[in-house]
Student: 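Sharing a structure, written as structure tokens. Questions coming.
Every value quoted in this text rests on a predicted model; they were computed, and no experiment measured them. Side chains included, hydrogens not; waters and symmetry mates left out as well; all remaining heavy atoms used.
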Amino acid sequence: MIEAENGREALVLFQANKPDLVLLDVVMPEMDGFETCTAIRDLPEGQHVQILMVTGLDDSDSTERAFEVGANDFVAKPLNWIMLGHRAKYMLRAGRAFHELNRSERRLAKTQELAMLGNWDFDIINTLFHCSPEASRLLGLSVDRRVTYKDFLAPVIAQERDKVKQKIDAAISKKTPFSVNYRVLLPDGSLRYILNRGELFFNINGVAEFIVGAVQDVTQLKRAEEEIRTLAFYDGLTGLANRMLFMDRLEQEISYAKRHKKTFALLFLDLDHFKQINDSFGHHVGDLLLKNVAETMRGCLRTTDTITKFTGDESDSLIARLGGDEFTVLLTGVGDPENAAIVARRILHEMQQTYVLESYEINITTSIGISVFPADGTSAEVLLKHADSAMYHAKDTGKNNYQFYRESLNTAIRERLTFKMDMKNGLSRDEFILYYQPQIELSTGKIVGAEALIRWIHPQRGMIPPDKFISIAEESGLIVDINKWVIQAACRQNKEWREKGFGAIRIAVNLSGYKLASQNIIEVIRDALQEGGLEAKYLEVEITKNVLMQDTREIVLILDQMKDLSLRIAVDDFGTGYSSLSYLTSFPVDIIKIDRSFVMGCTELKSNLVIIKAIIAMGHSLGMKIVAEGIETEEQLELLKSLGADEGQGFYVSPPVSPEEFVKLLR
Ligand code: C2E
Ligand code: MG
Ligand code: MG
């Protein structure tokens, strides 16, 4: 036991001797007991020492102060020395326990730090959350602030946050432990992989009371895993998938496609004359070329490219290098095999560039074989074998081309693709024309308008009717240009007729409604009207009813915009398919065109007559005009007139004719 005369001396002696217990009198000269206690607590070694204050003043204020300045206990004078001895013993024991606890906590913290591990717990009943400083640090949270459960989940990257919440919620409701992997975004912008595992504790009634969990930084582990994966599944030279990964994905795709009744294609490529390049420029250049070819192929298959965007919108691809100069492409979601041919064409085209490698200028071509699931095989081996044999066929037919495994596809698809290309060229070469069919007012027989009908004057095949190419144009997206062309041509024609002194004639154009919403059709119409100096009421837009059956909101929006321009809107081919009179009320329609299939037999078939009557009655009650299509005889015309149809068109009046012929009719 060491004794000090006053507070100041006590401090000096404390630092020199580091005692386990300090007995402090409150009343001391120079520095009183409270000040001395505060000063000891401020010393690094004074934080955890046991301090017993001896108060002479038996009032609660000084007791209170004793605790405030950090004393562990106090005794009042006069001192009972025996009791004091016992108390000192208790305090020493408590001090040791406290010291041990403190050390063990520090050890735990250090271990957690080394293991990159942090713990957390959540009191479900009182919604109290706590996590260790190391957990905060791992998640990039401030260590100084109290962390809430919300804070705890905030660093999780947005795409994974729901998953984490769901896992923990599911664990609570299912009363099971959980383990969830996710990434957190650190304040410096880097990502860290976290493994969060936890368990629930229940009260005696089986209600989950709290969760105890641990978060661990598994970034290094993930990186190592990725590295191993890369080595095992990717080609070291090109970074493309290797055979193993490709076959694995192919198997997966087969079972997916079987389940969902999907088709996909497999492309097998082999570079032409690659051996020569290797032999004449060396393997190093050969390797460089393979790398460049891989890059080219990647470029060909990037989904941002508009041509790879198949109608399904779910296309995806995996490119692999099987070895040597052999590559494969798994094209999923192709829908039509034609899309595989489009990709093959693009690869052939892009490959024909000059690669400058080590100052050599090198050209390369490739031969491609294509097999299609399920028609060409339903197992990975067979599909690959058939794509391979198709590739040999491509080599036999002069290299630098593609072949389908099935011969029939080769001709059919080539024809279709040629047709589409011809159509595209035809549009820029002005091979399309509009014919006009007069529309008469039934009561007077006067020509009141014309329906513009497109024809394609093919340089080899002659005149091709719209039924033969509109749907193909829709499929290839060319319809957007065709719609535009039709509107412009009709407005130009109208202008010409007016300039020849025929007055304004109402022209109806047929608009394909295929993805109408994405065609900025309103702008096209507005521009064409302005250019032709045509009042909007002279332009009529014929829409088939399947347009109206698309996404209603989008279509209504477009039709409303058309109405804002004061266009007239007609529903074409009304009465066919699932025409329902009721949907007419949801759209701003001015005219109903009764389909010619009803007009055709109307004089003989009573059922047709009933339908025509119903359409006319309904249309009129909604304030719409009724136009009858396909009137071929005088009887039909008379009948429709008597039923109250407003206008009509058909071979009886005139078939669609060239603009020159139409002028004669006007005269
Ligand atoms: P639609 O709009 O219902 O056009 C009426 C079709 O019936 C025209 O065929 C016309 O020639 C034919 N027709 C007219 N009167 C008679 C008749 O008395 N008897 C018979 N049997 N047929 C008659 P076309 O010109 O071959 O057009 C066929 C379809 O192609 C059109 O049906 C329309 O849906 C579409 N189409 C025509 N031109 C265009 C266009 O510029 N753009 C778009 N997207 N589609 C068009
Ligand atoms: Mg029409
Ligand atoms: Mg029609």
Side-chain angles (χ1 to χ4, degrees), residues 249-250 252-269 297 300-319 328-350 368-378 380 382-384 386-387 390-391 393-394 401-427 456 464 466-482 512-516 518-519 546 550:
R249 274 281 310 271
L250 181 55
Q252 279 180 30
E253 190 56 35
I254 288 172
S255 53
Y256 176 84
K258 271 183 188 158
R259 250 181 297 128
H260 295 89
K261 304 228 179 316
K262 300 259 178 201
T263 71
F264 67 84
L266 199 163
L267 272 57
F268 197 114
L269 287 85
M297 286 176 64
C300 288
L301 288 155
R302 238 155 242 154
T303 38
T304 45
D305 197 312
T306 44
I307 319 178
T308 35
K309 270 195 193 148
F310 308 128
T311 32
D313 281 334
E314 47 182 332
S315 65
D316 200 0
S317 58
L318 177 75
I319 316 172
T328 46
V329 180
L330 177 61
L331 267 187
T332 63
V334 288
D336 197 301
E338 190 180 308
N339 289 316
I342 292 174
V343 171
R345 275 180 185 229
R346 178 143 17 93
I347 293 175
L348 291 172
H349 181 259
E350 291 298 316
I368 306 176
I370 307 173
S371 62
V372 178
F373 175 90
D376 300 339
T378 50
V382 172
L383 282 169
L384 196 66
H386 286 171
M391 183 274 291
H393 186 200
N401 73 96
Y402 70 90
Q403 295 290 335
F404 279 91
Y405 176 69
R406 259 172 305 156
E407 202 48 52
S408 59
L409 280 185
N410 283 328
T411 30
I413 289 178
R414 226 151 261 171
E415 261 172 27
R416 268 174 90 81
L417 286 177
T418 313
F419 190 77
K420 282 182 186 173
M421 210 129 69
D422 281 357
M423 206 175 349
K424 193 169 176 181
N425 293 334
L427 205 57
W456 178 11
I464 303 179
D467 291 338
K468 291 270 187 304
F469 63 85
I470 290 292
S471 64
I472 298 175
E474 287 178 344
E475 203 177 275
S476 68
L478 199 66
I479 194 67
V480 178
D481 297 319
I482 290 184
S512 159
Y514 179 82
K515 293 194 179 166
L516 197 60
S518 52
Q519 292 193 26
N546 36 357
Q550 295 172 13

Student: Locate the shortest heavy-atom distance separating Ala344 from Ile368; write the atom from each residue and the value.
Tutor: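 Result for this residue pair: O-CD1, 3.7 Å.
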Student: Under the side-chain contact (heavy atoms from CB on, under 4.5 Å) rule, what do Thr328 and Leu250 come out as? Steps first, then yes or no, please.
Tutor: CA-CA 11 Å; Thr328 46; Leu250 181 55; over 6 Å; no
Student: What is the minimum heavy-atom distance between Ala394 and Asn401, and which atoms define it?
Tutor: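 That closest heavy-atom pairing would be O-ND2, 2.9 Å.
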Student: CG/Leu348 to CG/Leu269 distance, rounded to the nearest 0.5 angstrom?
Tutor: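 Result: 8.0 Å between the selected atoms.
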Student: How would you list, by chain and number, every residue that makes a salt bridge (charged side-chain N to carboxylate O under 4.0 Å, His left out) with Arg249, sequence neighbours excluded?
Tutor: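 By the salt bridge (charged side-chain N to carboxylate O under 4.0 Å, His left out) rule, Arg249 matches no residue at all.
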Student: Please test Phe373 against Val382 for side-chain contact (heavy atoms from CB on, under 4.5 Å), starting from the C-alpha separation and ending with a verdict.
Tutor: CA-CA 10 Å; Phe373 175 90; Val382 172; over 6 Å; no
Student: Considering all heavy atoms of both residues, which atom of Val334 and which atom of Ala265 are nearest to each other, and what is their separation?
Tutor: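 Closest pair (atom of Val334, atom of Ala265, distance): CG2-N, 4.0 Å.
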Student: To the nearest 0.5 Å, tell me how far Asp376 CG sits from Leu266 CG.
Tutor: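 The distance works out to 10.0 Å.
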Student: Between the side chains of Thr332 and Glu253, is a donor N or O closer than 3.5 angstrom to an acceptor N or O?
Tutor: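 The answer is no; no qualifying pair exists.
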Student: Hey, does Asn339 have a side-chain heavy atom less than 4.5 Å from the side chain of Leu331?
Tutor: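 No, every pair of side-chain atoms sits at 4.5 Å or beyond.
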Student: Decide side-chain contact (heavy atoms from CB on, under 4.5 Å) for Tyr405 and Leu383; before the verdict, give the C-alpha distance in whole Å, the side-chain angles of both, and the deciding distance to 0.1 Å.
Tutor: CA-CA 9 Å; Tyr405 176 69; Leu383 282 169; over 6 Å; no
Student: For a 4.5 angstrom cut-off between non-hydrogen side-chain atoms, does Ile370 reach Leu409?
Tutor: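 Side chain of Ile370 against side chain of Leu409, heavy atoms only: no contact under 4.5 Å found.
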Student: If only atom types and distance count, is the side chain of His260 paired as donor or acceptor with the main-chain N or O of Tyr256 below 3.5 Å?
Tutor: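 Looks like yes, one N/O pair under 3.5 Å.
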Student: May I ask you to check whether over 12 heavy atoms, not counting those of Lys468, lie within 6.0 Å of atom NZ?
Tutor: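 No, the 6.0 Å shell around NZ holds no more than 12 heavy atoms from other groups.
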Student: side-chain contact (heavy atoms from CB on, under 4.5 Å) for Val343 and Val329? Distances and angles first, verdict last.
Tutor: CA-CA 10 Å; Val343 171; Val329 180; 5.5 Å; no
Student: Only distances under 3.5 Å count here; give the side-chain donor-acceptor pairs of residues 414-421 to other protein atoms, sequence neighbours excluded, each with its distance to 0.1 Å.
Tutor:
residue, atom, partner, partner atom, Å
Arg414, NH2, Tyr402, O, 2.8
Arg416, NE, Glu338, OE1, 2.9
Arg416, NH2, Glu475, OE1, 3.0
Arg416, NH2, Glu475, OE2, 2.7
Thr418, OG1, Arg414, O, 2.5
Lys420, NZ, Glu338, OE2, 2.4
Lys420, NZ, Glu475, OE2, 3.2

Student: Using 0.5 Å steps for rounding, measure from the CG atom of Leu478 to the CD1 atom of Ile472.
Tutor: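 The distance works out to 11.0 Å.
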Student: To the closest 0.5 Å, what do you measure between CD1 (Ile413) and CZ (Arg406)?
Tutor: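 It comes to 8.0 Å.
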